[in-house]
Amino acid sequence: MLTVLFLSGKGGVGRTLIITSLATALAMRGGYRVWVVDLDPNATASRVLGVNTPKQR
Ligand SMILES: Nc1ncnc2c1ncn2[C@@H]1O[C@H](COP(=O)(O)OP(=O)(O)O)[C@@H](O)[C@H]1O
Ligand SMILES: [Mg+2]
């Protein structure tokens, strides 16, 4: 099992881009079951990956 944690207090540094790209690439390559845990209240990564998240206020 491979665990990748991308943590940064600063925003706009490419967290969402890197995690969603890496997850998509591994999933498309096959042989991997990929689990993305999105702890950001903005839920951008979840939306990018197709999760229907509640609207932000
Ligand atoms: N390596 C990169 N080169 C060019 N633009 C990038 C790169 N990484 C991120 N960006 C752009 O910077 C912005 C913020 O990226 P994002 O992944 O949403 O950051 P974070 O999740 O850390 O807030 C987005 O518009 C994204 O397209
Ligand atoms: Mg983000």
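Scope of the values below: all heavy atoms of this structure, side chains included, with no hydrogens, waters or symmetry mates. Just so you know, ligand 1 is whichever comes first in the structure, and atom 1 is the first atom listed for that ligand. Just so it is clear, the model here is predicted, and its values are computed rather than measured.
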Review point. Short list, please: which atoms of ligand 1 are under 4.0 Å from a heavy atom of V13?
Key: 19 (O), 20 (P), 22 (O)

Revision key, fill the gap. d(R47 CZ, T16 OG1) to nearest 0.5 Å is 9.5 Å

Review point. Going from CG on L22 to CG on L2, what distance comes out if it is rounded to the nearest 0.5 angstrom?
Key: 7.5 Å

Check your understanding: Quick one: does atom 13 (C) of ligand 1 have a protein heavy atom under 4.0 Å from it?
Key -> no

Exercise for review: Verify the cluster assignment for I18 and V36: are they in a single hydrophobic cluster under the rule of side-chain heavy atoms below 4.5 Å apart?
Suggested key: yes

Review point. Which atoms from ligand 1 have a heavy atom of L17 less than 4.0 Å away?
Key: 7 (C), 8 (N), 9 (C), 17 (O)

**Study point:** Exceeds 12 heavy-atom contacts within 6.0 angstrom, atom OH of Y32
**Key:** no

Practice item. Answer yes or no for atom 7 (C) of ligand 1: protein heavy atom present at a distance under 4.0 Å? Key: yes

Review point. Which of the numbered atoms in ligand 1 are below 4.0 angstrom from a heavy atom of R15?
Key: 17 (O), 19 (O), 20 (P), 21 (O), 22 (O), 23 (O)

Check your understanding: In the single-linkage hydrophobic clustering (I, L, V, M, F, W, Y; side-chain heavy atoms under 4.5 Å), do F6 and V48 co-cluster?
Key -> no

Review point. Can a protein heavy atom be found under 4.0 Å away from atom 3 (N) of ligand 1?
Key: no

**Study point:** CG-CG distance between L5 and L7, expressed to the nearest 0.5 angstrom
**Key:** 5.5 Å

**Study point:** Separation between CG of L39 and CZ of R15, rounded to the nearest 0.5 Å
**Key:** 10.5 Å

Check your understanding: What distance do D38 atom CG and L49 atom CG have between them, rounded to the nearest 0.5 Å?
Key -> 8.5 Å

Point to revise | atom 23 (O) of ligand 1 [closest protein heavy-atom partner, distance rounded to 0.1 Å] | key: G12 N, 2.7 Å

Review point. Is atom 25 (O) of ligand 1 less than 4.0 angstrom from at least one protein heavy atom?
Key: no

Check your understanding: Does an N or O anywhere in K10 fall below 3.5 Å from an N or O of ligand 1?
Key -> no

Check your understanding: Distance below 4.0 Å between atom 17 (O) of ligand 1 and any protein heavy atom?
Key -> yes

Check your understanding: Short list, please: which atoms of ligand 1 are under 4.0 Å from a heavy atom of G14?
Key -> 8 (N), 9 (C), 15 (O), 16 (P), 17 (O), 19 (O), 20 (P), 22 (O)

Review point. So does N42 have any N/O/S atom less than 2.8 Å away from the Mg ion (ligand 2)?
Key: no

